[in-house]
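See structure below.
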Amino acid sequence: MDLKFTSSRKYISISVPSKSQAMSPHIKSVDDVVVLGMNLSKFSKPTQFFICVSGVFMFYLIYGYLQELIFSVEGFKPFGWYLTLVQFGFYSIFGLIELQLIQDKRRRIPGKTYMIIAFLTVGTMGLSNTSLGYLNYPTQVIFKCCKLIPVMIGGVFIQGKRYNIVDVSAALCMSLGLIWFTLADSTVAPNFNLTGVILISLALCADAVIGNVQEKAMKLHNGSNSEMVLYSYSIGFVYILFGLTCTSGLSPAVTFCSKHPVQTYGYAFLFSLTGYFGISFVLALIKIFGALLAVTVTTGRKAMSIVLSFLFFAKPFTLQYVWSGLLVVLGIFLNVYSKNKDKIKLPSLLGLWKKSVEERKSRTLSQTV
């Protein structure tokens, strides 16, 4: 809107940009949800849901399969940090390509903030990838499902928060499920190593922090997803490259991968591509249907990943995996319920009892009549 004033005449002129004029993607995103160049806003709600869920399951199941497949290559397990370096490199390229396709290419979030986010991202993904050299893939997934535990611990000791009985019950279920699952893994897995538990626990702590930092930065500076991906992963790439160079871990990894280019670089490319596409559908699911439904879908995806891991990769199995996994799922449900009490209304025991009494009275009355 342009306001123009003169000494003899005052008027207001309103100019509306034409469709051909460039508009910020942040303005467009209010109405349009574009995933991989496809505008989901043109479809009905059921179709949008089907597309998003299909994308989440398809890309993330392939992502999990390829991640475990790479670590099944004999001799690759010590090179988890190098895999993260390659993954960060691919993510940076994907983010740069996507940023070039949108019309607003400005960097909105300060560089210092990106340096912190990149450090946390390196901790999350690097430690998570490295832990697969010591743990079974299902155990790693179970740990990643329990982000609530470090979040609650940090909230109590750092911010002095108080949690209700449902939140405490959720954390307790997750903790017991984790302990039970880990004990089962240590009993039946021949290559179980406590180092893997420490690595994935540290990754979980970094993952619990990074979500809050990213959300605050994007809301405060109105940054886009493509900008966040490009700068956080490119800076993280420099961090890992510097670390591997200083620890002399780069040369052995490059030598090994050069001997197995398809099983390493080829799988890593597909692994990174499917992960990048998968997060796009998750963000679309959150934007259209909310976090409640998104958490339900992603939890189902993780459960499916565990099942497929046992089907496609030979590993010991015990029913203790099932019961401990169900206990973790119960904790996730309680956490989701606690955050969405208004949307999820579970019937109380008193309500069920009253309903049962009313049904009995109506039956007695009908028999009497």
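As the structure is a computational prediction, the values presented were derived from the model and not from experiment.
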**Asked** Got a sec: does the CE of Met115 have more than 12 other heavy atoms crowding it under 6.0 Å?
**Response** no
Do [X] and [Y] share a hydrophobic cluster, counting only Ile, Leu, Val, Met, Phe, Trp and Tyr and linking them when any side-chain heavy atoms are less than 4.5 Å apart?
{"X": "Phe43", "Y": "Val282", "value": "yes"}
{"X": "Val238", "Y": "Met125", "value": "no"}
{"X": "Phe256", "Y": "Val262", "value": "no"}
{"X": "Leu199", "Y": "Tyr239", "value": "yes"}
{"X": "Tyr134", "Y": "Leu194", "value": "yes"}

**Fill in**
The side-chain contact (heavy atoms from CB on, under 4.5 Å) partners of Cys257 (sequence neighbours excluded) come to Phe76, Tyr82, Thr264, Tyr265
Looking only at heavy atoms, what is the nearest atom pair of [X] and [Y], with distance?
{"X": "Ile240", "Y": "Thr84", "answer": "CD1-CG2, 3.6 Å"}
{"X": "Gly80", "Y": "Thr130", "answer": "C-OG1, 3.9 Å"}
{"X": "Ser41", "Y": "Gln48", "answer": "CA-NE2, 3.6 Å"}
{"X": "Ser131", "Y": "Gly196", "answer": "CB-O, 3.8 Å"}
{"X": "Pro78", "Y": "Gly75", "answer": "CD-O, 3.4 Å"}

Flag side-chain contact, heavy atom, 4.5 Å: [X] against [Y]:
{"X": "Phe71", "Y": "Leu83", "answer": "yes"}
{"X": "Tyr267", "Y": "Leu69", "answer": "yes"}
{"X": "Leu326", "Y": "Leu330", "answer": "no"}
{"X": "Leu202", "Y": "Ile198", "answer": "yes"}
{"X": "Ile70", "Y": "Tyr65", "answer": "no"}
{"X": "Leu273", "Y": "Phe90", "answer": "no"}
{"X": "Phe237", "Y": "Leu85", "answer": "yes"}

**Residue list, ring pair (Phe, Tyr, Trp, His ring centres under 6.0 Å) with Tyr233, at least two apart or on another chain** = Phe88, Tyr91
**Asked** Rounded to the nearest 0.5 Å, how far apart are CG of Leu40 and OG1 of Thr47?
**Response** 10.0 Å
**Prompt:** When rounded to the nearest 0.5 angstrom, what distance separates CD1 in Ile165 from CG in Leu172?
**Reply:** 9.0 Å
**Prompt:** With sequence neighbours excluded, what pairs up with Ser258 under the side-chain hydrogen bond (donor to acceptor under 3.5 Å, both in side chains) test?
**Reply:** none
**Prompt:** In a check of ring-ring contact (aromatic ring centres under 6.0 Å, His included) between Tyr63 and each of Phe271, Tyr276, Phe57, Phe281, which one passes?
**Reply:** Phe271
**side-chain contact (heavy atoms from CB on, under 4.5 Å) between Ile109 and Tyr231, worked out** = CA-CA 9 Å; Ile109 301 175; Tyr231 288 99; over 6 Å; no
**Request:** Check the pair Trp81, Leu127 against side-chain contact (heavy atoms from CB on, under 4.5 Å), reporting the backbone distance first and the verdict last.
**Result:** CA-CA 8 Å; Trp81 278 108; Leu127 293 171; 3.9 Å; yes
